[in-house]
Each structure stands twice: as structure tokens, then as C-alpha cells.
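Here is the structure we will look at.
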Amino acid sequence: MVQIRAARSVPVNPPGAAFILKHTQLWTALQRKVRHATEFVPLMKSCTVLKDEGDVVLRDAILVQENGAVREMREEVTSYSQQWIIFRQTDGSTTTNLISNSPQEGDEGLILSYIFEWNYPNLKEESREYDEIVAATEKMALTAVEKSIEVSRSMVTEGKIQ
């Protein structure tokens, strides 16, 4: 089995941002993403919540990567103290969404990171397919973070999040 890892971090409130997105607003948006992933992740084609117990959500999701590969996932999604969310797939793969910042910078210094550790049981390292999946995962990680921030900002602007 091969595990592919990728991580990307993006400032939530870069210089020139129209407004400062607060930690609480970002967390509220990420909680919506847990339950309505298709609004945030362009490659996510479906997301069905099977059980919602507040900080723990069980869901089925289908992701179609840019290379056309389809990934069907059952995920247990656990939220921790308005700081991070871990998506655990039944095959042992994980995705983490992490909000961090420097304490002295407050909301202005927020950073959103997505960390992917996905298992591929039939993939062989040092193959063309391996290289393609690594590149696609790295691109997907950056796109996912950027789109999540974009949608979070839109939800605040539209009054869906206070």
C-alpha cells in the first residue's frame, strides 16, 4: 500500500482582503463544509450525512479528481475545539483542516491548512500513475484551501454567517 501526503496553508486574511474574516466565522463555515461539502469543494460531487452528533459526523462522499479518478469515501468527521477537523476514511486515509495563527496577530493572522494522507492499496511507487496522483493531490490541496476561504468570505458577505 502507498500513502500519498500533501499539505497546503493559505493566509485567511491577506493584505488587501475586503474585510477580516474572524476565527468564529471561519469555524462556522468549516462546520457547514463538514455537512455540505459540495458547496466548498469543487471536486466533491456528493456528500450525504448519515449521522450527526455535533462534533462527530458520519458521511458518505464522492470526489472526482481532475484526472477523472473517482474516490468514494465513508468518513467519520471529528471537530476539535474550534481548531481542527479530522476526516477519517474507512481505509485509514485522513484529511485534516487546521486553523492556526500567531496569538499576537489575532484574526488578522489566521492561516488555514489542509493536510492529506490518503492510502492507495493498488498503487505502485515509481510509476507514472503514482506521479500523476501526487501532482493531482498537491493541486487539490491548494484548491480546497483557497475555495474554502472564498466560500467562507462569500457566506459572511451574503449574511449567511455573522
For the residue pair [X] and [Y], establish whether any side-chain heavy-atom pair is separated by less than 4.5 Å.
X	Y	result
Val12	Leu112	yes
Leu98	Ile85	no
Arg59	Phe87	yes
Met44	Ile62	no
Ile149	Val10	yes

Between [X] (side chain) and [Y] (backbone), is there a donor-acceptor pair under 3.5 Å?
X	Y	answer
Asn13	Ile20	no
His23	Ile99	no
Asn119	Gln3	no
Thr143	Lys139	yes

So, [X] and [Y], do they make that salt bridge, N to O below 4.0 Å?
X	Y	value
Asp60	Arg74	yes
Glu39	Arg32	yes
Asp91	Arg71	yes

Mutual orientation of the aromatic rings belonging to Trp118 and Phe116 [parallel < 30°, tilted 30-60°, perpendicular > 60°]: perpendicular
Face-on cation placement of Arg153 at Phe19 ring, 6.0 Å and 45° thresholds: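 Yes, Arg153 sits over the ring of Phe19.
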Enclosure of Lys160 NZ (heavy-atom neighbours >12, cutoff 6.0 Å): no
Interatomic distance, Gln82 atom CD to Gln31 atom CD [nearest 0.5 angstrom]: 8.0 Å
